[in-house]
2 protein chains.
Amino acid sequence: MAQHLDQHVDQIADHAPDEATAPWLTADQLRAWLGLVSVAELLPVRLDQQLQRDAGLTHFEYMVLAMLSEAPDRTLRMTMLAARTDATLPRLSHVVRRLEERGLVARSSCPSDGRATNATLSDEGYRVVVGAAPGHVREARRLVVDALDATQIAQLEAITQRLLERLDPDRRFCPDRPATPDSPH
Amino acid sequence: MAQHLDQHVDQIADHAPDEATAPWLTADQLRAWLGLVSVAELLPVRLDQQLQRDAGLTHFEYMVLAMLSEAPDRTLRMTMLAARTDATLPRLSHVVRRLEERGLVARSSCPSDGRATNATLSDEGYRVVVGAAPGHVREARRLVVDALDATQIAQLEAITQRLLERLDPDRRFCPDRPATPDSPH
DNA sequence: CCAAGGTACTTGTTGCGTCAACTAAAGCGT
DNA sequence: ACGCTTTAGTTGACGCAACAAGTACCTTGG
């Protein structure tokens, strides 16, 4: 499948022995890399399929609703919500508009800052996300958690943390910072 | 970030102690799961960014060209190419049409089977993919390979193999089967 | 040798994400 | 009080992927 990443190992060994200019991978590295790329390609698709089928939500919509469900008053400013879901503001704006049309969230202008918009989870939205959560977790178990033993779970956590330092150096995604719910003023 | 996956651990412990109906995750499992989801979300974006910037290709287009570059006569049937890139046929058809408009591949009707279409990498397409490969591998090193030590590389390979058994039980993706290039007749 | 069914694509439609404006509201210096 | 800049969000256009239909070709049973 991927000779193109290692097939010229011998020829570059001739004139480019140093790390910086020798791009190709060893067989072990190649297998790990291709495995990770495959997982990264397939996992989001599976998550979307399960949630779409069982709850009529994309994974991203689920994340939006889930973040709101945990926030004080089930309300977050768009910017904060975007940070927590690793979305651009335009993307979030479109998605929230569609969710509002479906009656799952409501938007309101923030009283303390006229520029800001607060998104609030409706009762119906709460029912939807609470109804979707068990199936989602079941899928997480089926695809990942139950496929690995405890040792591998620990290894996976360490590996993903290392990778996230490179993939997301600013820690924009999954900031885990305490909620600054409404108007910080 | 994700109380919604574990916040009710205590309350379900009351009435649903068994595995099948107890969906929530332990803290360790939760961290590994969220880490993997984040990586799966960010890695494809980074790969697309680097290839788009340096070679004007999406990761998927790069995969298409790379698979062709390894095939005998730089030629594959659409169905085979779709299997090797984990794409649906409609998706591949659109992408190959665009690549043909850019002069990177050529399509021709298969002489031995009038239904089939062969995609062939042009010289220009070969130059593009060969030019793109080093930067792509460099990015793979920067984001993943060089972030992990040899032990973790081995762990990651084992973990991804386990996960792929669940994510892709039919081994549709990355089948690594020998090329059946043209007309098996 | 012809009809029925399956195979290998291609094409049109729809939905979502990104990018590039654009609007409106603060903040800030004078 | 007046502009100028920054911040927050929305909107519209465009590109790409998924799904559904359609077309052309092969194959198999009668």
Side-chain angles (χ1 to χ4, degrees), chain A residues 41-42 44-49 51-53 56-64 75-102 105-120 180 182-185, chain B residues 41-42 44-49 51-53 56-64 75-102 105-120 172 180-185:
Chain A
E41 209 77 25
L42 292 172
V45 175
R46 296 283 176 265
L47 296 182
D48 272 341
Q49 283 174 346
L51 281 167
Q52 196 71 58
R53 174 167 44 81
L57 296 172
T58 64
H59 184 235
F60 180 70
E61 289 169 339
Y62 173 78
M63 293 282 282
V64 168
T75 298
L76 283 175
R77 285 174 55 153
M78 293 292 282
T79 301
M80 181 65 66
L81 189 51
R84 302 234 174 159
T85 55
D86 190 43
T88 60
L89 217 33
R91 177 183 185 184
L92 183 66
S93 182
H94 283 143
V95 169
V96 168
R97 176 179 47 72
R98 290 190 287 262
L99 289 174
E100 190 173 32
E101 288 165 0
R102 293 165 62 180
V105 307
R107 278 187 295 187
S108 57
S109 180
C110 178
S112 64
D113 185 340
R115 297 168 299 179
T117 304
N118 287 328
T120 303
T180 311
D182 204 337
S183 47
H185 175 67
Chain B
E41 209 76 26
L42 292 172
V45 175
R46 295 285 176 264
L47 296 183
D48 271 341
Q49 284 174 345
L51 280 167
Q52 195 71 58
R53 173 168 44 80
L57 296 172
T58 64
H59 184 235
F60 180 69
E61 289 168 339
Y62 173 79
M63 293 282 284
V64 168
T75 298
L76 282 176
R77 284 174 57 151
M78 294 292 281
T79 301
M80 180 65 67
L81 189 52
R84 301 232 175 158
T85 56
D86 191 43
T88 61
L89 217 33
R91 178 183 184 185
L92 183 66
S93 181
H94 285 297
V95 169
V96 168
R97 177 181 48 72
R98 290 190 287 263
L99 289 174
E100 189 173 33
E101 287 165 1
R102 293 165 62 181
V105 308
R107 277 187 297 188
S108 56
S109 180
C110 179
S112 63
D113 185 341
R115 298 167 300 178
T117 304
N118 287 328
T120 304
R172 214 164 61 85
T180 310
D182 203 335
S183 48
H185 182 67

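Chain letters run A, B, ... following the sequence lines, proteins first and then strands; every chain starts at 1.
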Quickly work out the [X] [atom1] to [N] [atom2] distance and round it to whole Å.
X     : N      : atom1 : atom2 : value
A/L99 : C/dG15 : CG    : P     : 15 Å
B/M80 : C/dT7  : CE    : C1'   : 15 Å
B/Q52 : C/dT18 : CD    : P     : 13 Å
A/R98 : C/dG15 : CZ    : C1'   : 7 Å
B/M78 : C/dT7  : CE    : C1'   : 15 Å
B/L57 : D/dG15 : CG    : P     : 17 Å
B/L81 : C/dT10 : CG    : P     : 11 Å
A/L92 : C/dC16 : CG    : C1'   : 14 Å

Find which nucleotide of DNA chain D each of B/E61 and B/G114 is nearest to by heavy atoms, and output the residue with the more 5' nucleotide. B/E61

Report the nucleotide, chosen from [options], that has the shortest atom-to-atom distance to any side-chain atom of [X].
X      : options                : value
B/H94  : D/dA18, D/dC25, C/dC9  : D/dA18
A/T88  : D/dA8, D/dA24, C/dT18  : C/dT18
B/T79  : D/dT10, C/dC9, C/dA25  : C/dC9
B/D113 : C/dT10, D/dT10, D/dC26 : D/dC26
B/R91  : D/dT11, D/dA18, D/dA8  : D/dA18
A/V95  : C/dG17, D/dA20, D/dC26 : C/dG17
B/A116 : D/dA8, D/dT10, C/dA8   : C/dA8

Pick the closest DNA chain C nucleotide for B/V45 and for B/L89 by heavy atoms, then say which residue is nearer the 5' end. B/L89

Please tell me if the side chains of B/L42 and A/D86 come closer than 4.5 Å, counting only heavy atoms from C-beta onward. yes

Rounded to the nearest 0.5 Å, what's the gap from [atom1] on [X] to [atom2] on [Y]? Could you check?
X      : Y      : atom1 : atom2 : answer
B/L51  : B/R53  : CG    : CZ    : 9.0 Å
A/M78  : A/L92  : CE    : CG    : 4.0 Å
B/N118 : B/R107 : CG    : CZ    : 12.0 Å
A/R46  : A/H59  : CZ    : NE2   : 14.5 Å

Is the distance from OP1 or OP2 of D/dT10 to the nearest side-chain N or O of A/R107 less than 4.0 Å? yes

Kindly say if B/T117 contacts the phosphate of C/dT10, meaning a side-chain N or O under 4.0 Å from OP1 or OP2. yes

Could you tell me whether B/S93 contacts a base, only the sugar-phosphate backbone, or nothing, with contacts defined as non-hydrogen atoms closer than 4.0 Å? base

